[in-house]
Amino acid sequence: MSKAIIAPSILSGNFADMGNEVKSLKAMGADWVHVDVMDGVFVPNLTFGFKMIKDIRPLSDLFFDVHLMITNPKRYVERFVSSGADLVSFHYEAEDDIGGTLDIIKSAGCKCGLAINPDADVDVIIPYLDKLDLILIMTVFPGFGGQKFIDGSLERIAKAKALRDKLAPSALVEVDGGVNIGNAQSIISAGADVMVAGNAVFGATDRTAAIKQLRGE
Ligand code: DX5
Ligand code: ZN
């Protein structure tokens, strides 16, 4: 089994020192940078948009995993790609034209993902699996870092992995919300390929050690 990909979420970083937060992630052993974009409408919180991504993009060669928590993402996905995303994911709950939005991301030369909230039936992703590079299983309701992993989420991860194995073998299963050193190994065993970690990395006194421990090293 290949090692889990660890994607620290810069939402939990210090916004006044974001350049250094991003720069330091590679040396700490992170695999991806998880970039949480919130619009204050789809979720009750606001973060940042294109300019932040453009400005931090040259500071790291890590894979930029952009998670859009915005209403009608179709309007904006192309601009997130040109701002420097390597992968753009958006929410099933936030867009009527899911297939069309995935096509725009792909034709802009970027990888695409579809996120589902903790209360969505995992089966809703089935019609889109053939287009997806990533299935994002939310294990908290999106909006804030530092929330508690929702009980019962391991079954949802396992279900997503089973669908992936059967219908989209090259897609990755990503888990986002409440991942910590205590639950990471059960999340990996349930089928996660990628784990987002905000608080568990940025809140740790030794971030390098935290990333290793999340991977189970
Ligand atoms: C939640 C965001 C997550 C969040 C993860 O809305 O999508 O990426 O920042 O933070 P932790 O790991 O602290 O739950
Ligand atoms: Zn996220």
Side-chain angles (χ1 to χ4, degrees), residues 7-19 21-22 32-57 59-60 63-121 124-125 128 131-150 153 174-179 194-199 201-202:
S9 166
I10 58 169
L11 175 63
S12 296
N14 178 356
F15 279 35
D17 195 22
M18 197 51 91
E21 297 283 52
V22 171
W32 290 8
V33 180
H34 186 79
V35 180
D36 284 311
V37 177
M38 303 186 187
D39 69 352
V41 178
F42 179 65
V43 289
N45 198 7
L46 287 155
T47 55
F48 46 73
F50 314 115
K51 183 147 190 321
M52 173 68 95
I53 299 173
K54 252 196 190 115
D55 287 354
I56 60 174
R57 177 68 277 187
L59 304 179
S60 176
F63 188 91
F64 270 34
D65 169 33
V66 175
H67 175 197
L68 300 181
M69 286 157 276
I70 67 173
T71 320
N72 303 132
K74 189 180 174 187
R75 297 176 290 178
Y76 293 119
V77 286
E78 227 168 340
R79 286 173 69 189
F80 281 104
V81 176
S82 58
S83 300
D86 293 298
L87 183 147
V88 173
S89 58
F90 63 91
H91 274 259
Y92 168 81
E93 296 85 1
E95 180 55 61
D96 293 329
D97 184 12
I98 293 173
T101 306
L102 294 170
D103 288 341
I104 295 172
I105 301 170
K106 285 173 103 75
S107 53
C110 189
K111 295 198 161 156
C112 64
L114 189 61
I116 57 168
N117 275 346
D119 58 355
D121 189 331
V124 301
I125 61 171
Y128 312 103
K131 296 187 194 240
L132 293 181
D133 298 300
L134 180 132
I135 302 160
L136 205 182
I137 302 295
M138 291 305 300
T139 45
V140 299
F141 282 92
F144 302 92
Q147 302 183 72
K148 189 183 170 292
F149 186 86
I150 293 175
S153 295
E174 180 175 51
V175 172
D176 185 2
V179 173
V194 186
M195 287 187 298
V196 176
N199 210 45
V201 170
F202 286 98

Are side-chain heavy atoms of Glu95 and Asn72 found at a separation under 4.5 Å?
yes
Can you check whether Asp65's main-chain N or O pairs, donor with acceptor, with Asp86's side chain at less than 3.5 Å?
no
Applying side chain to side chain contact (heavy atoms under 4.5 Å, CB included), can you list everything that pairs with Asn45, at least two apart in sequence or on another chain?
Met38, Phe144
Using side-chain heavy atoms (C-beta onward) and a distance below 4.5 Å, is Ile56 in contact with Phe64?
yes
Are any non-hydrogen side-chain atoms of Asn117 and His91 less than 4.5 angstrom apart?
yes
Backbone N or O of Thr71 within a donor-acceptor pair of the Arg75 side chain at under 3.5 Å?
yes
Could you work out, with side chain to side chain donor-acceptor pair (under 3.5 Å) as the rule, every residue matching Asp176, not counting sequence neighbours?
His34, His67
Set of salt bridge (charged side-chain N to carboxylate O under 4.0 Å, His left out) partners for Lys54, sequence neighbours left out:
none
Does any part of the side chain of Val179, heavy atoms only, come nearer than 4.5 Å to the side chain of Val196, both counted from C-beta?
no
Heavy-atom donor-acceptor pair, Thr139 side chain to Ile150 backbone, under 3.5 Å
no
Side chain to side chain donor-acceptor pair (under 3.5 Å) contacts in which one or both residues fall within residues 97-108, not counting sequence neighbours
Lys74-Asp97, Asp103-Lys131
Using the test side chain to side chain donor-acceptor pair (under 3.5 Å), find all partners of Asp121 that sit at least two apart in sequence or belong to another chain.
none
Under the salt bridge (charged side-chain N to carboxylate O under 4.0 Å, His left out) rule, collect the residues that match up with Asp39, sequence neighbours excluded.
none
Side chains of Thr47 and Met52: does their closest heavy-atom pair fall under 4.5 Å?
no
Kindly say whether Asn14 contributes a backbone atom to a donor-acceptor pair with the side chain of Glu21 at under 3.5 angstrom?
yes
Between the side chains of Ser9 and Asp36, is a donor N or O closer than 3.5 angstrom to an acceptor N or O?
yes
